[in-house]
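Below is one structure; the comments refer to it alone.
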Amino acid sequence: RRLLEAADGIARRVGNPHPIAMATIARGVAEFTMGRWAAAVPLLGEAESILRDRCTGVTWELDTAHTFSLWALVYQGRFAEMSGLAQQLLREAEERGDLYVQTNLGTFMVPHALLAADDPAGARASVRRSLEMWSAEGFHLQDLTALMSDTLIDLYEGRGDAAWNRISGQWPAVKRSQMLRIQVLRIVLRHFRARSALAAALAAKDPEPSIRAALADARRIAREGIPWATPMADSLRAGAAALRGDRALASAHLSRAADGFDEAGMLSYAASARRRRGELEGGAEGARMIESADGDFRARGVTNPANMARMHVTGFAI
């Protein structure tokens, strides 16, 4: 962070708007990669304003600022805000024939917006349509975001086996891409894989291998030692405990996960953990938790809270 602030200071002393914008983008991306989503968004917005108002020929720079800003909104659960901005940017990209932005948005942000609107079929179509515009060679970030979205759609629809087969089948390609070297991607991808394992365990004759696989990923996530990863690991341990029939332990893990997600500003995940805990607890108190979580979801543009919670926090047959 000190190096980025030093670079920003140098850029501002020089006074040229382009290096100022690039230094600001770098600071925003750094905040994003550390899971400080709320801090990333205003920095990326500041960079966008400089680029739009004071620079020319900066399409790639704007695309980069927009992509990371929208990703940060997704992880904050700000779906309504993200959806409106993504649709606007998508229209602009289509008008200028910008396939890079169309693919970035269509493989990740637009599917999230459509899932928030309870349209998994539309989300799946967006992924397919976007990949058709992209290169069939290699495994790029756009292929990765398509894999993530397709897996999320499987989880949203309650298709645990499909989610597990999809992400485990593509895991060798993910490893070869070297993108697991990037901490933020490594954490979220292991969380995807572990969620899929827990979802698949729900219908398995012997769920224990899938549970153990999920817990192995939970341990790896926890060892990253970064605050927003800890509640991800807790949510996985909650699902594993529920599958093993230990409702009290599952509830305790969910409580810690919800608090941790709140601290990280991942409010959709927090609402999911609280809704799951309400389902476990039952009775009047459980109903209150569910009602409160559903209110949080709807305030952020989520139409079907039950399915969104199933997507975020898996391993619960309720």
Side-chain angles (χ1 to χ4, degrees), residues 37 70-87 107-127 145 148-160 162-164 166-167 188 191-196 198-200 202 228 231-232 234-236 238-239 242 250 253-255 257-262 264-281 286-318:
W37 328 110
L70 289 168
W71 268 341
L73 292 177
V74 168
Y75 285 116
Q76 290 179 86
R78 293 161 65 180
F79 297 115
E81 183 179 350
M82 183 275 298
S83 178
L85 182 55
Q87 292 298 335
T107 56
F108 197 70
M109 292 76 173
V110 173
H112 271 83
L114 290 168
L115 287 177
D118 197 25
D119 184 7
R124 191 86 72 185
S126 175
V127 175
T145 52
M148 293 164 69
S149 291
D150 274 332
T151 305
L152 283 176
I153 297 164
D154 291 334
L155 294 172
Y156 184 91
E157 294 179 323
R159 301 169 64 241
W164 172 251
R166 187 184 305 278
I167 197 162
V188 298
H191 192 233
F192 269 71
R193 186 171 67 171
R195 277 187 284 172
S196 299
L198 292 175
L202 283 168
W228 63 274
M232 286 188 161
D234 283 329
S235 70
L236 296 172
H253 281 309
L254 286 171
S255 179
D259 290 345
F261 284 133
D262 274 337
M266 301 173 72
L267 302 182
S268 179
Y269 284 87
S272 297
R274 290 197 170 93
R275 195 182 203 284
R276 288 304 208 184
R277 189 174 177 220
E279 292 168 350
L280 277 180
E281 295 291 335
R288 186 198 63 77
M289 291 180 189
I290 293 170
E291 182 180 2
S292 176
D294 287 357
D296 288 343
F297 274 126
R298 293 196 175 97
R300 292 172 178 83
V302 174
T303 302
N304 189 328
N307 281 12
M308 189 63 72
R310 178 168 64 185
M311 182 181 86
H312 283 321
V313 181
T314 57
F316 297 83
I318 301 168

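Everything numeric here is computed off the predicted structure, so don't read it as measured data.
- Between Arg274 and Asp259 there is a salt bridge, with a side-chain nitrogen of the basic residue lying less than 4.0 Å from a carboxylate oxygen of the acidic one.
- Of the possible donor and acceptor atoms, none in the side chain of Thr107 sits under 3.5 Å from a partner among the backbone N and O of Val127.
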For side-chain contact (heavy atoms from CB on, under 4.5 Å), just list the numbers for Phe261 and Asp234, CA-CA rounded to whole Å, side-chain angles, deciding distance to a tenth of an Å, and then say yes or no.
CA-CA 10 Å; Phe261 284 133; Asp234 283 329; over 6 Å; no
Can you list the steps and then say if Asp294 with Glu291 is a side-chain contact (heavy atoms from CB on, under 4.5 Å)?
CA-CA 5 Å; Asp294 287 357; Glu291 182 180 2; 5.8 Å; no
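- A pairwise comparison of heavy atoms in Met82 and Ala113 identifies CE-N, 3.7 Å as the closest pair.
- One finds the OG1 atom of Thr303 at 10.5 Å from the CG atom of Leu114 (value rounded to the nearest 0.5 Å).
- Every residue two or more places apart in sequence or in another chain that forms a side-chain contact (heavy atoms from CB on, under 4.5 Å) with Ala162 is listed here: Asp154, Arg159.
- In terms of heavy-atom proximity, Met109 sits nearest to Ala86 at CB-CB, 4.3 Å.
- Between the CZ atom in Phe192 and the CZ atom in Arg166 there is a gap of 12.0 Å [rounded to 0.5 Å].
- What you find for Ala270 and Asp262 is that their closest heavy atoms are CB-OD1, 3.3 Å.
- With sequence neighbours excluded, the residues forming a ring pair (Phe, Tyr, Trp, His ring centres under 6.0 Å) with His312 are Tyr269, listed by chain and number.
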Run the side-chain contact (heavy atoms from CB on, under 4.5 Å) test on Val110 and Gln87 for me, step by step, so that the C-alpha distance in whole Å, both residues' side-chain angles and the decisive distance to 0.1 Å come before the verdict.
CA-CA 8 Å; Val110 173; Gln87 292 298 335; 4.3 Å; yes
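- Side-chain atoms of Ser126 do not come within 3.5 Å of backbone N or O of Gly122 as any donor-acceptor pair.
- Here Arg193 contributes atom CZ and Ile167 contributes atom CD1; the two are 8.0 Å apart, rounded to the nearest 0.5 Å.
- Nearest heavy-atom pair across His112 and Phe79 is CD2-CE2, 4.1 Å.
- With a 4.5 Å cut-off on side-chain heavy atoms, Asp296 and Leu267 do not count as touching.
- Distance alone, capped at 3.5 Å, is enough to place a donor-acceptor pair between the Ser235 side chain and the Met232 backbone.
- How far CG of Leu280 is from NE2 of His253: 12.0 Å, rounded to the nearest 0.5 Å.
- Between the CH2 atom in Trp228 and the CH2 atom in Trp37 there is a gap of 4.5 Å [rounded to 0.5 Å].
- Applying the side-chain hydrogen bond (donor to acceptor under 3.5 Å, both in side chains) criterion to Thr151, with sequence neighbours excluded, gives no partner residue.
- Side-chain atoms of Arg195 do not come within 3.5 Å of backbone N or O of Leu236 as any donor-acceptor pair.
- The heavy-atom pair separating Ala123 from Pro111 by the smallest distance is CB-O, 3.7 Å.
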Checking Met308 against Arg300 for the side-chain contact (heavy atoms from CB on, under 4.5 Å) test, could you report, in this order, the C-alpha distance in whole Å, the side-chain angles of both residues, the deciding distance, and whether it holds?
CA-CA 12 Å; Met308 189 63 72; Arg300 292 172 178 83; over 6 Å; no
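- For the side chain to side chain contact (heavy atoms under 4.5 Å, CB included) with Arg276, the qualifying choice from Thr314, Val313, Ile290 is Val313, the only one to do so.
- Side chains of Leu155 and Arg310 form no contact here, defined as non-hydrogen atoms less than 4.5 Å apart.
- In this structure, Glu281 CD and Ser255 OG are separated by 9.0 Å, a value rounded to the nearest 0.5 Å.
- A donor-acceptor pair under 3.5 Å links the side-chain atoms of Ser272 to the main chain of Ser268, judged by distance alone.
- In plain terms, the two heavy atoms of Phe297 and Pro305 that are nearest each other are CD1-CB, 3.4 Å.
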